[in-house]
Each structure stands twice: as C-alpha cells, then as structure tokens.
Trainee: 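First, the structure itself, so that you have it in front of you.
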Amino acid sequence: MAIIKTTVNDKLDFDAAVTELKEYFSSLGARKGRQLTYNVLTYGCQLNESDSEKLSGMLASMGLKASSGGELDDADVIVFNTCSIRENADRHLFGNLGVFKTLKKNDHDVVIAVGGCMMKVPENVERIKKSYPYVDLVFDPQQLHRFPVLMRDAIRKDKQLVNISADDYIAEDNFFPIDRKRKFRALVPIMYGCNNFCTYCIVPYARGRERSRDINEIVKELSELASQGYKEVMLLGQNVNSYKGAGGETFADILRAASDFKEFSRVRFMSSHPKDLSDEVIDIMATRPNVEKHLHLAMQSGSNTVLKAMNRPYTIERFQEIVDKFRAKVEGGSLTTDIIVGFPGETDEDFEETLVAVDKAKFDACFTFQYSARPGTKAAAYENQVPSDVVTERFGRLTEYTNRYAEESNKKLVGKTMEVLIEGISKAGDMTFSGRTVTNHLVNFTIPEELGIDPGEDYLEGRLCEVRIDRARPYSVDGILVSLKGEEA
Ligand code: SAH
Ligand code: SF4
Ligand code: F3S
C-alpha cells in the first residue's frame with residue numbers, strides 16, 4: 001500500500017473528462033428538452049459530507065443542476081456516498097438501490113454511481129456486481145479526483161465499471177470545484193485516514209493510513225474562505241490532533257492559523273483522540289475567542305479491560321485527567337463524547353464502570369452506540385459477543401444517564417444571554433430560528449417583532465446575535481433574540 005499524491009496530469013485528465021461530460025449531458029438534455037439534474041445522497045460523517053460537497057461541485061461543473069425534489073430517484077445522475085461505520089448504515093444502501101431497477105429500465109440514460117466507505121469492504125462490492133448490474137459505477141472514496149474520468153468511461157462503455165484500489169491517495173481541496181452546502185460554514189479536511197485500528201472500527205480500512213495536507217495549502221484555502229464571507233470553519237479529520245505537516249507543524253499550528261482570520265466567528269474541529277490531544281490545543285481553546293469552547297473526545301468505555309480490548313491506548317484514569325484539565329482551563333466549555341455499549345466481552349461490571357465514568361465526566365452531550373460487528377475488523381472475530389437483549393438493556397440504561405446530564409448542561413444556560421451563530425430557520429411556520437453557542441449548544445429562538453429586524457433566513461444565516469435563554473429541553477434550549485451583532489445591526 002502506498003500513499004499517492006495527485007499530479008498535474010491527474011488534473012488535466014480531470015478537466016478533460018469534465019469538459020467531455022458537460023458536452024454529453026448538454027446534448028442529452030437538449031434531447032430530453034430540459035436541464036439534467038443530480039442528487040448526491042450522503043450517509044456518513046462530516047468527512048463524508050465534505051466528499052459530497054466535492055462530488056456535487058463536480059456534477060455542477062458538468063452542467064447539471066441539483067434536483068429539487070426530496071425523492072431519491074428524482075434525478076438523472078444519482079450518487080450514493082455510503083458509510084459503513086455500523087450495520088444499519090449498510091442497510092440504507094441496499095434498501096435503496098432496489099428502487100432504481102425500474103428507473104434504469106425506463107430510462108437507460110440515468111447514471112447510478114456508488115462510492116463512500118462501504119465500497120472499501122469487498123463483500124459489498126461483490127454484492128453490487130452480482131445483484132445490482134444496473135449500477136453504472138462503483139468508485140473509490142479515496143480517489144474522488146478520478147470520479148469524472150471514471151464516470152465518462154462507464155458511460156462510454158455502457159457497462160458496469162468498478163474501480164477500487166488498495167493504495168491511499170491525497171488530493172488537495174483546490175483540485176476540486178466544491179459546492180458548499182451551507183453558505184456560512186465551510187468544511188475543511190486537514191488530514192485523511194486513521195492509523196489507530198481500534199478493534200471495532202472500519203475507518204482505517206476504508207480511509208487508509210493517516211496523511212496530512214500541506215499547511216500552506218490549508219492556509220490558502222482558509223484565506224479564500226475568509227474573503228468569500230464564510231463565518232465558520234470546521235477543521236476535519238478522523239483524528240485532527242494527529243495532524244503532521246511536512247515541516248513538522250502540528251494541529252495547534254493549524255488551529256492558530258485558522259483563528260488568526262478574524263473574519264471567522266467560529267473555528268470548530270472534529271474529532272480529537274484522547275492520546276493526541278495536547279495541552280497547547282486546550283490553551284488555544286481557553287484563550288482565543290473565535291475558537292469553539294467545545295471538545296468532542298470519544299471515551300468509548302469506562303472499563304480499562306474493555307478499552308484495552310478495543311485497542312484504545314489510554315486508561316479511564318488518564319481520560320478523566322484530560323477531562324479535569326479541560327474543565328479547569330476552558331471556562332464554561334462543553335465536553336461531548338462517544339460511547340459504545342456491548343463491545344465483545346463487556347461484563348455487567350465493565351458496563352457499570354462506564355456509568356461511573358459518565359457520572360464523573362458529566363458530559364454535556366453523548367453519542368451512544370450499540371456495538372455493531374464490522375466484517376474485516378478484529379473484534380468481529382471475537383468469540384465473546386454480547387447477546388443483543390443484554391446490549392439493548394444496557395443501552396437504555398446508559399442513554400437515561402447521558403440524557404440526564406445533557407439536560408442538566410442545558411439547564412445551566414437558562415437565564416443567561418449568550419452569543420449565538422445563526423444557522424437558519426428551525427421551524428418555518430412560526431419563524432423560529434436556530435443556531436449554536438460557542439460551546440456548541442443548540443439554541444432555538446424567536447425574534448420579537450418590536451426589534452424591527454428583517455427575519456429573512458438569507459439575511460440572518462451566519463450572523464452573530466445575543467439570545468436570552470429561557471427554557472431547557474433535553475437536546476436544545478429555547479430563547480428570545482436580544483440583539484443582532486455586526487454590520488447595520
Ligand atoms: N475517529 C473518531 C471516531 C469516528 S467514528 C474518534 O476516534 O473519535 C464515530 C464513533 O462511532 C466512534 O467514536 C464510535 O463510538 C462509533 N463506532 C465506530 N465503530 C463502531 C462499531 N463497530 N459499532 C458501534 N459503534 C461504532
Ligand atoms: Fe475508528 Fe479508532 Fe480511528 Fe476513530 S481512532 S476512526 S474509532 S479506528
Ligand atoms: Fe462512515 Fe466512513 Fe465517515 S465509515 S463515519 S463515512 S469515515
């Protein structure tokens with residue numbers, strides 16, 4: 001397995017294929033008497049979303065427009081960007097692919113492409129080859145830069161094309177046209193892949209070995225985003241903290257560089273691994289006002305035996321130390337986590353230790369998952385799998401705990417006036433808007449008429465405002481807008 005960087009020739013091939021497809025879709029559209037459309041379906045994490053923004057950008061540059069209907073099959077080019085993190089993610093694809101058989105029969109020109117992490121699991125590719133012959137293209141999530149070339153070839157040959165490689169690739173973001181979904185938020189991957197091989201996880205197989213983008217390229221992209229008016233950047237990587245620049249730069253350097261752009265009201269990042277989180281990063285969060293005061297740090301389990309079996313290289317005591325440090329340094333900061341229930345061999349005592357750890361850490365929010373065996377991972381072959389009724393029971397108990405702490409965290413905000421970055425309308429009917437605090441708390445709020453503010457979504461999205469919080473819910477808080485910040489407000 002090698003790590004391959006894209007070259008000038010790749011870019012020339014890319015541009016040639018885009019031009020050719022643009023002509024093809026334009027004449028096909030003329031025949032059909034309408035502009036052709038695309039639909040990119042996103043099933044995974046933010047990195048998957050970021051890939052979808054690139055896929056959409058490429059399709060748009062081929063002259064297609066985004067399909068407006070919410071229907072899956074309401075487009076001329078349909079791209080599945082799959083995720084394989086848990087089994088129910090897989091079901092989405094195979095459940096939905098069936099729908100396209102008739103569609104493809106009725107309109108042979110429709111293009112169906114499948115990519116994303118599921119395509120790095122050989123059984124899934126075999127299943128498509130065998131049972132879904134009407135899928136035109138299976139493409140490698142690590143080779144988005146070849147997507148136009150492969151799509152052109154699949155259309156030319158009029159035969160299913162499968163292109164999955166064992167190598168790892170890295171293309172700078174500026175290789176691609178990017179169609180950013182939110183006009184205020186930019187997703188910026190800074191590194192790809194994962195070397196940790198937690199025994200339950202498919203990501204290292206799907207995304208390959210860790211490789212970091214060039215810091216100068218990242219800063220160039222940030223500078224463009226700042227001048228284009230983006231207010232929030234989300235720095236992405238499976239382990240953003242293990243970023244390693246070619247000149248020895250660390251994640252702290254990237255975080256500082258991003259926060260130096262005063263145009264950004266918020267600099268966020270995902271995900272941090274407990275083994276790599278440095279004190280320097282915590283200090284930056286504590287002192288820089290535009291860096292979010294929210295840390296997502298996956299604990300996974302409160303039992304040292306389970307952590308070891310998961311190949312998570314820290315003890316629960318060490319995890320607790322990091323939590324204490326974060327709480328002490330980042331005033332009012334929020335801490336969220338991921339927990340897996342029912343990992344093979346997890347005993348009642350192990351599970352109780354997880355509850356104790358949740359009690360200590362008092363997470364502001366928690367993403368809880370039932371263990372799902374992923375083919376090809378080490379843990380899938382473990383013999384001591386936990387029966388599903390036991391998993392379900394533990395899962396119920398855990399979520400009761402974690403929900404309680406989440407609600408407590410929300411309750412602490414009641415009565416305060418907080419700065420909120422507006423994300424959009426949350427309920428169109430009664431003009432309730434939603435946004436997030438710098439601690440990533442979700443806020444739904446209304447705008448009192450007497451303030452005389454234009455409540456148009458376009459006008460408000462990405463703006464900072466002050467909201468008085470008057471009610472806590474389990475997953476969000478409600479409030480009333482007090483004032484709008486900046487510009488003419
Ligand atoms: N790289 C990130 C995690 C990305 S996956 C990190 O380590 O923080 C997001 C979460 O999905 C993981 O933290 C884990 O809790 C969960 N997850 C991953 N594989 C899983 C599996 N096989 N079954 C259940 N949950 C899983
Ligand atoms: Fe998966 Fe572990 Fe890597 Fe996170 S750190 S992506 S959980 S292998
Ligand atoms: Fe899913 Fe791949 Fe992300 S498995 S969670 S889309 S890295």
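Numbers for residues simply follow the sequence, beginning at 1. The figures that follow rest on heavy atoms only: side chains count, while hydrogens, waters and symmetry mates do not. Numbering of ligands and ligand atoms starts at 1, following listing order.
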Trainee: Classify the contact between C198 and ligand 2 as side chain, backbone, both or neither, using a heavy-atom distance cut-off of under 4.0 Å.
Mentor: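 Both backbone and side chain of C198 come within 4.0 Å of ligand 2.
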
Trainee: Looking only at distance, does N239 have an N or O less than 3.5 Å from an N or O of ligand 1?
Mentor: no

Trainee: Could you check, using the six-membered ring where one of them is a Trp, whether F369 and Y200 have ring centers closer than 6.0 angstrom?
Mentor: no

Trainee: Quick check on L47 - does any of its heavy atoms sit under 4.0 Å from an atom of ligand 3?
Mentor: no

Trainee: Need the ligand 1 atom indices (1-based, order shown) with element for anything under 4.0 Å from a heavy-atom of Y371.
Mentor: 23 (N), 24 (C)

Trainee: Whether R180 and E221 form a salt bridge (side-chain N of Lys/Arg under 4.0 Å from carboxylate O of Asp/Glu) is what I want to check.
Mentor: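 Yes.
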
Trainee: Please state which protein non-hydrogen atom is closest to atom 24 (C) of ligand 1 and give its distance, to 0.1 Å?
Mentor: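 I find the closest protein heavy atom is Q370 O, 3.4 Å.
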
Trainee: Nearest to atom 22 (N) of ligand 1, what protein heavy atom do you find, and at what distance?
Mentor: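 The answer is S372 O, 2.8 Å.
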
Trainee: Is there a heavy atom in R207 that sits closer than 4.0 Å to ligand 1?
Mentor: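 Heavy atoms of R207 never come under 4.0 Å of ligand 1.
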
Trainee: Salt bridge (Lys or Arg N to Asp or Glu O under 4.0 Å) for D260 and R288? Distances and angles first, verdict last.
Mentor: CA-CA 9 Å; D260 279 343; R288 298 221 172 192; 2.8 Å; yes

Trainee: Side-chain contact test, heavy atoms from C-beta onward, threshold under 4.5 Å: evaluate it for T377 versus Y205 and give yes or no.
Mentor: yes

Trainee: Check whether any side-chain heavy atom of L137 lies under 4.5 Å from a side-chain heavy atom of V111, and answer yes or no.
Mentor: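 Not in contact.
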
Trainee: Does P204 approach ligand 2 within less than 4.0 angstrom via side chain, backbone, both or neither, non-hydrogen atoms only?
Mentor: side chain

Trainee: Would you call R327 and D324 a salt bridge, using N to O less than 4.0 angstrom?
Mentor: no

Trainee: Using distance alone, decide if ligand 1 has a nitrogen or oxygen within less than 3.5 Å of any nitrogen or oxygen in R374.
Mentor: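 R374 vs ligand 1: no N/O contact under 3.5 Å.
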
Trainee: Quick one: do K129 and E126 make a salt bridge, cutoff under 4.0 Å?
Mentor: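 A salt bridge is present here (some side-chain N lies under 4.0 Å from a carboxylate O).
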
Trainee: Please state which protein non-hydrogen atom is closest to atom 3 (Fe) of ligand 2 and give its distance, to 0.1 Å?
Mentor: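 Answer, as residue, atom name and distance: C194 SG, 2.2 Å.
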
Trainee: Using distance alone, decide if ligand 1 has a nitrogen or oxygen within less than 3.5 Å of any nitrogen or oxygen in Q238.
Mentor: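 Min N/O separation from ligand 1 is below 3.5 Å for Q238.
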
Trainee: Given salt bridge (Lys or Arg N to Asp or Glu O under 4.0 Å), test E423 with R185 step by step and report yes or no.
Mentor: CA-CA 9 Å; E423 300 197 339; R185 173 187 296 150; 2.8 Å; yes

Trainee: Establish, from distance only, whether the side-chain atoms of H441 and S334 form a donor-acceptor pair under 3.5 Å.
Mentor: no

Trainee: Any atoms of ligand 1 less than 4.0 Å from a non-hydrogen atom of R312? List them with their elements.
Mentor: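 Counting atoms of ligand 1 from 1, those under 4.0 Å from R312 are 7 (O).
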
Trainee: Around atom 4 (Fe) of ligand 2, find the nearest protein heavy atom and jot down its residue, atom name and distance.
Mentor: R312 NH1, 4.4 Å

Trainee: List every atom of ligand 1 that sits less than 4.0 Å from any heavy atom of S271, numbering the atoms from 1 in the order shown and giving each element.
Mentor: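 Listed by number with element: 2 (C), 8 (O).
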
Trainee: Give the residue, atom name and distance (to 0.1 Å) of the protein heavy atom nearest atom 9 (C) of ligand 1.
Mentor: D338 OD2, 3.6 Å

Trainee: Would you check if the distance from the ring center of Y132 to the ring center of F94 is below 6.0 Å?
Mentor: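 That pair passes the under 6.0 Å test.
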
Trainee: Any nitrogen or oxygen of R86, main chain or side chain, under 3.5 Å from a nitrogen or oxygen of ligand 1?
Mentor: yes

Trainee: Could you check whether any side-chain heavy atom of L297 comes within less than 4.5 Å of a side-chain heavy atom of M299, counting everything from C-beta outward?
Mentor: no

Trainee: Looking only at heavy atoms of M270, does any of them come nearer than 4.0 Å to an atom of ligand 1?
Mentor: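 The answer is no: ligand 1 sits nowhere under 4.0 Å from a heavy atom of M270.
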
Trainee: Considering heavy atoms of the protein only, find what lies nearest to atom 1 (Fe) of ligand 2 and give residue, atom and distance to 0.1 Å.
Mentor: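 The protein heavy atom lying closest is C201 SG, 2.3 Å.
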
Trainee: Look at atom 15 (O) of ligand 1 and say which protein heavy atom is nearest, naming residue and atom and giving the distance to 0.1 Å.
Mentor: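 Answer, as residue, atom name and distance: Q300 OE1, 2.7 Å.
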
Trainee: Looking at atom 2 (Fe) of ligand 3, is there an N, O or S atom belonging to C45 that lies under 2.8 Å away from it?
Mentor: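 For C45, the answer is no, given that no N, O or S atom comes within less than 2.8 Å of atom 2 (Fe) of ligand 3.
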
